[in-house]
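Read the structure below first, then the notes.
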Amino acid sequence: MNQDRPIISVTAAILVRDGKILIAQRKSSDHLAGKWEFPGGKLEDGESPEECLRRELQEEFGVDTSIGEFLAESVYHYDQISIRLLAYRTSLVRGKLEPNDHDAYAWVSPQ
């Protein structure tokens with residue numbers, strides 16, 4: 001295993017409504033096209049995870065959000081890079097979800 005691979009920090013929104021969690025389907029033109037994921041994205045230089053998540057949700061769905069408690073961290077090692085995923089409880093403040101960066105979204109049960 002290559003220990004010198006870069007680590008990319010990525011945020012994920014755990015957005016709950018009526019007991020269901022928001023997931024989004026990656027665009028057909030993206031890496032891992034068609035896969036479902038929690039909305040979020042890569043941290044930019046000088047950005048906190050909370051700022052990143054708020055920005056990403058605005059860009060991806062056109063909504064304003066409140067970023068709540070940190071829930072979990074997961075690290076996954078690909079061949080060339082490692083991904084450090086930071087998940088936060090997130091709430092919608094205003095706006096209607098419009099998938100600008102995904103093919104679809106769904107509210108699913110945690111099971």
Side-chain angles (χ1 to χ4, degrees):
M1 184 184 312
N2 179 359
Q3 298 298 324
D4 295 328
R5 70 178 67 117
I7 297 176
I8 308 295
S9 291
V10 177
T11 58
I14 309 303
L15 188 58
V16 180
R17 183 182 77 184
D18 299 327
K20 296 194 175 188
I21 299 171
L22 179 71
I23 58 172
Q25 187 179 39
R26 294 180 72 106
K27 280 189 171 182
S28 56
S29 58
D30 287 351
H31 173 68
L32 300 175
K35 300 287 186 184
W36 291 87
E37 64 185 357
F38 295 114
K42 295 177 190 170
L43 269 79
E44 293 181 355
D45 288 340
E47 191 175 48
S48 74
E50 295 87 351
E51 290 168 335
C52 170
L53 196 49
R54 193 173 299 108
R55 174 185 54 75
E56 288 284 353
L57 291 168
Q58 177 62 47
E59 291 172 4
E60 293 178 5
F61 289 98
V63 294
D64 292 325
T65 53
S66 172
I67 310 305
E69 69 181 299
F70 172 75
L71 295 175
E73 175 180 340
S74 175
V75 176
Y76 186 81
H77 302 288
Y78 291 93
D79 289 338
Q80 302 300 320
I81 63 169
S82 294
I83 299 293
R84 177 178 170 241
L85 182 70
L86 306 167
Y88 288 82
R89 184 176 307 277
T90 306
S91 303
L92 282 175
V93 173
R94 91 175 80 18
K96 180 178 181 242
L97 292 170
E98 296 290 339
N100 300 317
D101 205 37
H102 294 88
D103 279 344
Y105 70 88
W107 294 94
V108 299
S109 104
Q111 293 78 8

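What you see is a predicted model; the values in this text were computed from it and never measured.
Partner of Asp64 under the salt bridge (charged side-chain N to carboxylate O under 4.0 Å, His left out) criterion, chosen from Arg54, Arg94, Lys96: Arg94. Test Ile14, Val63, Leu22, Thr65 against Thr90 for side-chain contact (heavy atoms from CB on, under 4.5 Å) and you get one pass: Thr65.
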Stepwise side chain to side chain donor-acceptor pair (under 3.5 Å) check, His102 with Arg26: CA-CA 5 Å; His102 294 88; Arg26 294 180 72 106; over 6 Å; no
Worked verdict on Phe38 versus Leu15 for side-chain contact (heavy atoms from CB on, under 4.5 Å): CA-CA 9 Å; Phe38 295 114; Leu15 188 58; over 6 Å; no
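In this structure, the separation between CG on Leu86 and CG on Leu53 is 9.5 Å, given to the nearest 0.5 Å. Rounding to the nearest 0.5 Å gives a distance of 4.0 Å between OG of Ser82 and CZ of Arg5. Note that CG of Leu43 and CD of Glu50 are 9.0 Å apart. Values are rounded to the nearest 0.5 Å. Atom CG in Asp30 sits 6.5 Å away from atom CG in Asp101 (nearest 0.5 Å). Separation of atoms NZ (Lys42) and CD1 (Ile8) is listed at 6.0 Å; rounding is to 0.5 Å.
Both Ile83 and Leu32 belong to a common hydrophobic cluster when Ile, Leu, Val, Met, Phe, Trp and Tyr are linked at side-chain heavy-atom distances under 4.5 angstrom. Phe70 and Leu57 fall within the same hydrophobic cluster, where Ile, Leu, Val, Met, Phe, Trp and Tyr residues are linked whenever their side-chain heavy atoms come under 4.5 Å apart, directly or through other members. Under a hydrophobic-cluster definition in which Ile, Leu, Val, Met, Phe, Trp and Tyr are linked whenever side-chain heavy atoms come within less than 4.5 Å, directly or via other members, Tyr78 and Val75 are assigned to different clusters.
Smallest separation of non-hydrogen atoms from Pro110 and Gly19: CD-O, 3.4 Å. Shortest non-hydrogen contact noted between Lys27 and Asn100 is NZ-O, 3.4 Å. When all heavy atoms of Ala33 and Ser28 are compared, the closest pair comes out as CB-O, 3.3 Å. Annotation for Gln80 and Pro6: closest pair O-CD, 3.3 Å, computed over non-hydrogen atoms.
Note on ring orientation: taking the six-membered ring where Trp is involved, the planes of Tyr105 and Phe61 are perpendicular (angle over 60°, cut-offs 30° and 60°).
Comment: Arg55 engages Glu44 in a salt bridge, judged by a side-chain N to carboxylate O separation of less than 4.0 angstrom.
Side-chain contact between Asp103 and Gln25 is present, with at least one heavy-atom pair separated by less than 4.5 Å. In this structure, Tyr88 and Leu71 have side chains that are not in contact, with every pair of non-hydrogen atoms separated by 4.5 Å or more.
Under a 3.5 Å cut-off, the side chain of Glu51 and the backbone N or O of Ser48 do form a donor-acceptor pair.
Because its NZ or CZ atom is both nearer than 6.0 Å to the ring centre of Trp107 and within 45° of the ring axis, Arg17 counts as a cation-pi partner of that residue.
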